[in-house]
Protein chains: 2
Amino acid sequence: MGGFQRMTEQRRLILEVLRSTNCHPTADWIYERVREKLPSISLGTVYRNLRSLVDMGEILQLSYGSGQDRYDGNAEEHYHFRCSKCGSVTDVDMPYQTQLDKRAADACCGTIKGHRLEFVGLCYDCQ
Amino acid sequence: MGGFQRMTEQRRLILEVLRSTNCHPTADWIYERVREKLPSISLGTVYRNLRSLVDMGEILQLSYGSGQDRYDGNAEEHYHFRCSKCGSVTDVDMPYQTQLDKRAADACCGTIKGHRLEFVGLCYDCQ
DNA sequence: GTATATGCAAACGGTTTGCTCACAT
DNA sequence: ATGTGAGCAAACCGTTTGCATATAC
């Protein structure tokens, strides 16, 4: 985490929350969690730090339509499964399919840097 | 297009615009186009009709972070290439990879109904 | 000491919605 | 005639930002 100029209590706690969960939380969820330990933190600070972390490549930001973005403390290339009913997001234990990029390179209109793959369906709780 | 209760001029024009382009436009872009032929149409009407079309499965809604959603007049399963610089979205001429769903089924925590795959890189104009 | 980060609250921007009126059926 | 859909404008909601203050270095 050398990317930051200063390591504040807020920053430390936000990272701690993100790194210690695998539930791909929303900014608001993170805010509530951090607030348990640092009640004075503001939502703006959470957003600012999340943005920095995304820019630094330390975390992933997952955007879906209609609703809040989600954040993933694991910035490694990996895939997600999203429940179309409850919106929960979980990791899929499946290696990165590099051949997809090669496959698409011919059928595409630009230089491919990578891909984003997400599976959609119903989670155990919702089915 | 039998899903609608009434076929209005607005609805007809929105569909016409969407079906006659492959540029995956934003709601606002569609609004401007339709307005050339029907200046009195409102943006709310465009959004309402787009939503109906998505619900009816006639078009696709593409959501990315920070910014407007895009709409795709082609509702068939297919993949997209998105330029990380200018945000343009184009189709990728590559068959649907059904084996990905099978592959993920074992590594997943629910019932998979399908997947969404998008390639990211730089388009010809931006590279 | 100094510049970066925070808290607060207002602004922002895309999208949705309540209300009244128009018009497709 | 009837009730769905349109136009308008305000509301919504997640996110960003301006400003004054606090604080890590």
Side-chain angles (χ1 to χ4, degrees), chain A residues 1-18 24-56 58-72 82 87-89, chain B residues 1-18 24-56 58-72 82 87-89:
Chain A
M1 282 297 41
F4 284 124
Q5 315 248 0
R6 296 180 191 178
M7 184 52 64
T8 60
E9 184 71 358
Q10 291 82 344
R11 201 156 270 177
R12 199 178 59 67
L13 286 167
I14 289 168
L15 263 168
E16 194 175 295
V17 165
L18 247 178
H24 309 74
T26 62
D28 204 62
W29 189 92
I30 297 166
Y31 171 58
E32 293 300 339
R33 283 301 148 105
V34 174
R35 216 145 66 113
E36 292 169 6
K37 290 185 177 163
L38 187 64
S40 64
I41 196 173
S42 75
L43 187 53
T45 293
V46 173
Y47 274 110
R48 261 187 291 240
N49 278 290
L50 288 173
R51 187 127 77 111
S52 304
L53 286 162
V54 170
D55 291 345
M56 288 161 55
E58 290 288 335
I59 66 173
L60 297 179
Q61 183 169 15
L62 315 173
S63 303
Y64 307 104
S66 61
Q68 298 131 284
D69 284 354
R70 288 170 172 277
Y71 296 86
D72 188 336
R82 181 163 48 95
S88 68
V89 176
Chain B
M1 282 296 39
F4 286 125
Q5 315 248 0
R6 295 180 190 179
M7 183 52 64
T8 60
E9 183 71 359
Q10 291 82 345
R11 200 158 270 178
R12 199 179 57 69
L13 285 167
I14 289 168
L15 262 169
E16 195 175 293
V17 165
L18 247 178
H24 310 74
T26 61
D28 203 64
W29 189 92
I30 297 165
Y31 171 57
E32 293 300 339
R33 283 301 147 105
V34 173
R35 215 146 68 113
E36 291 169 7
K37 289 185 178 165
L38 188 64
S40 64
I41 196 174
S42 76
L43 187 53
T45 294
V46 172
Y47 274 109
R48 259 187 290 240
N49 278 289
L50 288 173
R51 187 129 76 112
S52 303
L53 286 162
V54 170
D55 291 345
M56 288 160 55
E58 290 289 333
I59 66 172
L60 297 178
Q61 182 169 15
L62 315 173
S63 304
Y64 307 104
S66 62
Q68 298 133 286
D69 284 355
R70 289 170 172 275
Y71 296 87
D72 189 336
R82 180 163 49 94
S88 68
V89 176

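Scope of the values below: all heavy atoms of this structure, side chains included, with no hydrogens, waters or symmetry mates. Letters go in sequence order (proteins before strands), and every chain restarts at 1.
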Heavy-atom closest pair, residues A:V46 and A:I14: CA-CD1, 3.8 Å
Excluding sequence neighbours, so at least two apart, what forms side-chain contact (heavy atoms from CB on, under 4.5 Å) with A:S42? A:T45
What is the distance, to the nearest angstrom, from the CZ atom on A:R35 to the C1' atom on C:dG7? 13 Å
Show every salt bridge (Lys or Arg N to Asp or Glu O under 4.0 Å) that has at least one partner inside residues 6-16 of chain A, sequence neighbours left out. A:E9-A:R12, A:R12-A:E16, A:E16-A:K37
Between CD of A:E58 and CG of A:L53, what distance do you get to the nearest 0.5 Å? 6.5 Å
Would you tabulate the nitrogen or oxygen pairs shorter than 3.5 Å linking the protein to nucleotides 23-25 of chain D?
from	atom 1	to	atom 2	distance (Å)
D:dT23	O2	A:R6	NH1	3.1
D:dA24	N3	A:R6	NH1	3.4
D:dC25	OP1	A:M7	N	3.2

B:H24 and B:R70: which non-hydrogen atoms are nearest, and at how many Å? O-NH1, 2.8 Å
Just the rounded figure in Å: distance from C1' of C:dC8 to OH of A:Y31. 10 Å
Measure the distance from CG on B:L15 to P on D:dG5 and round it to the nearest whole Å. 13 Å
Rounded to whole angstroms, how far apart are CG on A:D28 and P on D:dC12? 18 Å
Identify, with sequence neighbours excluded, every residue that meets side-chain contact (heavy atoms from CB on, under 4.5 Å) alongside B:V54. B:I59, B:Q61, B:Y71
Spacing of B:L38 atom CG and B:L13 atom CG [to the nearest 0.5 Å]: 6.0 Å
The correct set of residues in residues 40-52 of chain A placing a heavy atom under 4.0 Å from DNA chain C is A:S40, A:I41, A:S42, A:T45, A:R48, A:N49
Closest to the 5' end of DNA chain C, once A:L38 and B:R70 are matched to their nearest nucleotides, is A:L38
Spacing between B:R11 atom CZ and C:dA24 atom C1', to the nearest angstrom: 11 Å
May I ask you to evaluate whether B:Q10 reaches the phosphate of C:dC23, defined as a side-chain N or O under 4.0 Å from OP1 or OP2? no
Donor-acceptor contacts, no H, no angles, side chain residues 25-34 of chain A, under 3.5 Å, sequence neighbours left out:
from	atom 1	to	atom 2	distance (Å)
A:T26	OG1	A:W29	N	3.2
A:E32	OE1	A:R35	NH2	3.4

Might you work through the side-chain contact (heavy atoms from CB on, under 4.5 Å) test for A:L50 and A:L18, ending with a clear yes or no? CA-CA 10 Å; A:L50 288 173; A:L18 247 178; 3.7 Å; yes
Rounded to the nearest Å, what distance is computed from the CG atom of residue B:D69 to the P atom of nucleotide D:dG14? 15 Å
Please give, in whole Å, the distance from D:dT16 C1' to A:Q61 CD? 12 Å
Nearest whole Å is fine: how far is D:dG5 C1' from B:I14 CD1? 11 Å
